[in-house]
There are 2 protein chains.
Amino acid sequence: MSITRGRSVTISDVARTAGVSRAAVSKVIRNAYGVSPGMRQRVEAAIEELGYRPSVAARALRGSSYRLGLEIPYVSGRFMTQIVDGANRAVADTPYQLVLAPADGPEYSTLESLADGLVDGIIAVSPRVDPPWLEELARRVPVVMLGRHDDPEGYDTVVGDDEAGAGAVMDHLLALGHRRIAHLTEPEAVAAETPVTPHVVRVAVYRRRMAEAGLTPSIEVARWEDGDSGVREATARLLALPEPPTAIFAGHDDIALVVLAGVAAAGRLGEISVAGYDNTDMSQHPLIDLTSVDQQGVEMGAQAATMLLERLRGRTERRQHVLATSLRIRGSTRPPRT
Amino acid sequence: MSITRGRSVTISDVARTAGVSRAAVSKVIRNAYGVSPGMRQRVEAAIEELGYRPSVAARALRGSSYRLGLEIPYVSGRFMTQIVDGANRAVADTPYQLVLAPADGPEYSTLESLADGLVDGIIAVSPRVDPPWLEELARRVPVVMLGRHDDPEGYDTVVGDDEAGAGAVMDHLLALGHRRIAHLTEPEAVAAETPVTPHVVRVAVYRRRMAEAGLTPSIEVARWEDGDSGVREATARLLALPEPPTAIFAGHDDIALVVLAGVAAAGRLGEISVAGYDNTDMSQHPLIDLTSVDQQGVEMGAQAATMLLERLRGRTERRQHVLATSLRIRGSTRPPRT
DNA sequence: GCATGTTTGTAGATCGGTCTCCGCTTGTAA
DNA sequence: TTACAAGCGGAGACCGATCTACAAACATGC
């Protein structure tokens, strides 16, 4: 039926060619103790000659697969590329390889399938899974979570300082003189599922700052539904309010881009300020020029990978890392028209 | 040292609980022949009760891992998200799972590491590997290549109709009245490594159309060097020519975005037309509004995955699929100022 | 010279599945 | 009744590594 896939060369082939045992070859490739220089050389020559590469499946069955899984909720997210870049950089000089698992739908099943022995450790960006489940997962395989404010037992976290980041945005908008500031955040359903996502923190900060500025009546929290069209509708609703906001603080840059599009479509560009979050590459484009919060996405990815490697090396105490943020002020935010 | 990772439940545990042999359990989970309804039920109950999930590593060692690898050259590429979406959609109702492997550097090593038994098949978007090497790879594991115009023996290809796509862009620009049209394409080094990348075709079409229009003297092929700064410099060089182009046809949208930024920075937005390729989501943004070629990226990804699944089901004849393109005319291209 | 270590290499169990072959029942045709 | 096929379930080899235990060789100290 199917062609005979050229059976690849195994450790036994190498052992035979080098005239040693399989165990010896295994030691050499793992840099294990008990190998004489002479044998190392003969084995390495054989490996070279045959073009041998160890089977990941076989290694994983007994030892490690030397693969780290990075679960990402939606591939299109521009912020994710920062994470991936950072993580990739961190594993670059290790024997580990990064493997991405896009969560098309339910994140639980993607994480499960990663944990099924494919990888030695998992980095995940999943706001929608609950802590107890994660603790359970972490009992089976080392886990580092990104963008979680929870207080875990068995897994590590890397997260931006959303308190400061959102605060900076609000301070900036208020200082510009805005009074009617709206906030666009994730769907209620998502927020309800898990205790503390970054967005939940951002909303809280938004509310607090508004209240502190005596603007409680102007508090306006809109929620996008999944998909771009949901964001467009939310934007349209905001713009159609009897007293529309003069500034919109969007949950993150991808959303802010759609908001900008909506504002532009309404012909009110420059009139209504828009701020985002994540400082993605597009926010820096001169035609977009979006005020945003840099939360060091690349560094987040790198930190997460590094912490995971530490776990693999034996660390058992949990670690939680918080990254500083900095506001990048650009042309999309300016004083309200008087 | 490290905590005892809670050993997960194996097929033997299920067999014991269900009071059957391991082979029987295996048959049930693989839907194999020779299972009575009664046994199926008992086994499924045991699986449910224990929360059993087969180990990917163990399965892969003998049978299949039920994982498909998708190699992507640069994660940030906005076109890639279309591919991933499509591929994900195509495997959604199969037992297969998509796994992404970002090629941070040399694509060869990323592909190798995928082929090391991690996946049952590979989809790759690697213009920089040469055909003989791919043939070799395809002998070990089924391969579908995206964006390749070569004429392979052992692997399949899915590619856009670059001839028509690039032709449409040129026809459009010429019809608008442009005479000095420049083309920005990939570095010479890349083009030299492999025979026919999509970009090579686009360049050829550009040259031909210019010649046909009697504009041979105005032919201007600029090449970007890796990284955004390289593109910026290339754009600056073009704009600084004694007789600068009135239109720039960029190799793809990501590049076109940088070109647009450069044109904007030079204060010549609206004066110089810019066209891209791939019809990425950003090209559709009203603030960008970039004329581009839709080459059905989502469909490409879906086709590739489907073809790979066919291979896994036993097909051995090669297949080559070409996707139609359509030009999306937007505000970034307009008649030259006279 | 002998007991004791230290290197160096190997044998063989093991990981958790898949898959081939084989035997036991049953049903059915001769 | 006998023969044969089809259906069902299990025994056990096997995939390609890792890893523990152990043996052989060699050095060292007294």
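All values below were derived from every heavy atom in this structure, side-chain atoms included, with hydrogens, water molecules and symmetry-related copies excluded. Please read all numbers here as calculations on a predicted model, not as lab measurements. The sequence lines fix the lettering, A, B, ..., with proteins before strands; numbering per chain opens at 1.
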(message) Under 4.0 Å, counting only non-hydrogen atoms across every strand here, what does B:Val25 touch: a base, just sugar-phosphate, or nothing?
(response)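 No contact at all - B:Val25 keeps every heavy atom at 4.0 Å or more from the nucleic acid.
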(request) Would you mind classifying the nucleic acid contact of B:Ala24 as base, sugar-phosphate or nothing, using non-hydrogen atoms under 4.0 angstrom? (result)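 Here B:Ala24 touches the backbone only, sparing every base.
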(request) Compare the minimum distances between each of C:dG17, C:dT10, D:dG10 and the side chain of B:Ser21, then state the nucleotide with the smallest one. (result)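 That would be D:dG10.
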(request) With the side chain of B:Ser26 defined as its heavy atoms from C-beta on, choose the nearest nucleotide among D:dA11, C:dT8, C:dT18. (result)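 Of D:dA11, C:dT8, C:dT18, C:dT18 is nearest to the side chain of B:Ser26.
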Length of the line joining [X]:[atom1] and [N]:[atom2], which is rounded to integer Å:
X: B:Tyr33; N: D:dA6; atom1: OH; atom2: P; answer: 8 Å
X: B:Arg40; N: D:dG9; atom1: CZ; atom2: P; answer: 11 Å
X: A:Arg53; N: D:dG16; atom1: CZ; atom2: P; answer: 16 Å
X: A:Leu118; N: C:dG16; atom1: CG; atom2: C1'; answer: 15 Å
X: A:Arg140; N: C:dG16; atom1: CZ; atom2: C1'; answer: 15 Å
X: B:Ile11; N: D:dG10; atom1: CD1; atom2: P; answer: 12 Å
X: A:Met39; N: D:dA25; atom1: CE; atom2: P; answer: 16 Å
X: B:Ile29; N: C:dC19; atom1: CD1; atom2: P; answer: 10 Å

(message) Check this for me: B:Gln41, atom CD, are more than 12 non-hydrogen atoms of other residues, nucleotides or ligands nearer than 6.0 Å?
(response)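 At most 12 heavy atoms, drawn from other residues, nucleotides or ligands, come within 6.0 Å of this atom.
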Would you mind checking if [Y] and [X] are paired as a salt bridge, meaning a charged N to carboxylate O distance below 4.0 Å?
X: B:Arg22; Y: B:Asp13; result: no
X: B:Arg53; Y: A:Asp116; result: yes
X: B:Arg140; Y: B:Glu112; result: yes
X: B:Glu135; Y: B:Arg139; result: no

(request) Please determine if a side-chain N or O atom of A:Ser36 lies less than 4.0 Å away from the OP1 or OP2 oxygen of C:dG9. (result)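 Yes.
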(message) Tell me if the side-chain of B:Arg22 makes a donor-acceptor pair with the base of C:dG17, cut-off 3.5 Å, by modelled atom types.
(response)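 Answer is yes: a donor-acceptor pair is held.
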(message) So, under a plain 3.5 Å distance rule, would you say the side chain of B:Arg62 forms a donor-acceptor pair with the base of C:dC19?
(response)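 No pair found.
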(message) For B:Tyr66 and B:Lys27, find the nucleotide of DNA chain C closest to each by heavy atoms; which residue's nucleotide sits nearer the 5' end?
(response)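 Result: B:Tyr66.
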(request) Find which nucleotide of DNA chain C each of B:Arg30 and B:Ala57 is nearest to by heavy atoms, and output the residue with the more 5' nucleotide. (result)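 Comparing both residues, the 5'-ward one is B:Ala57.
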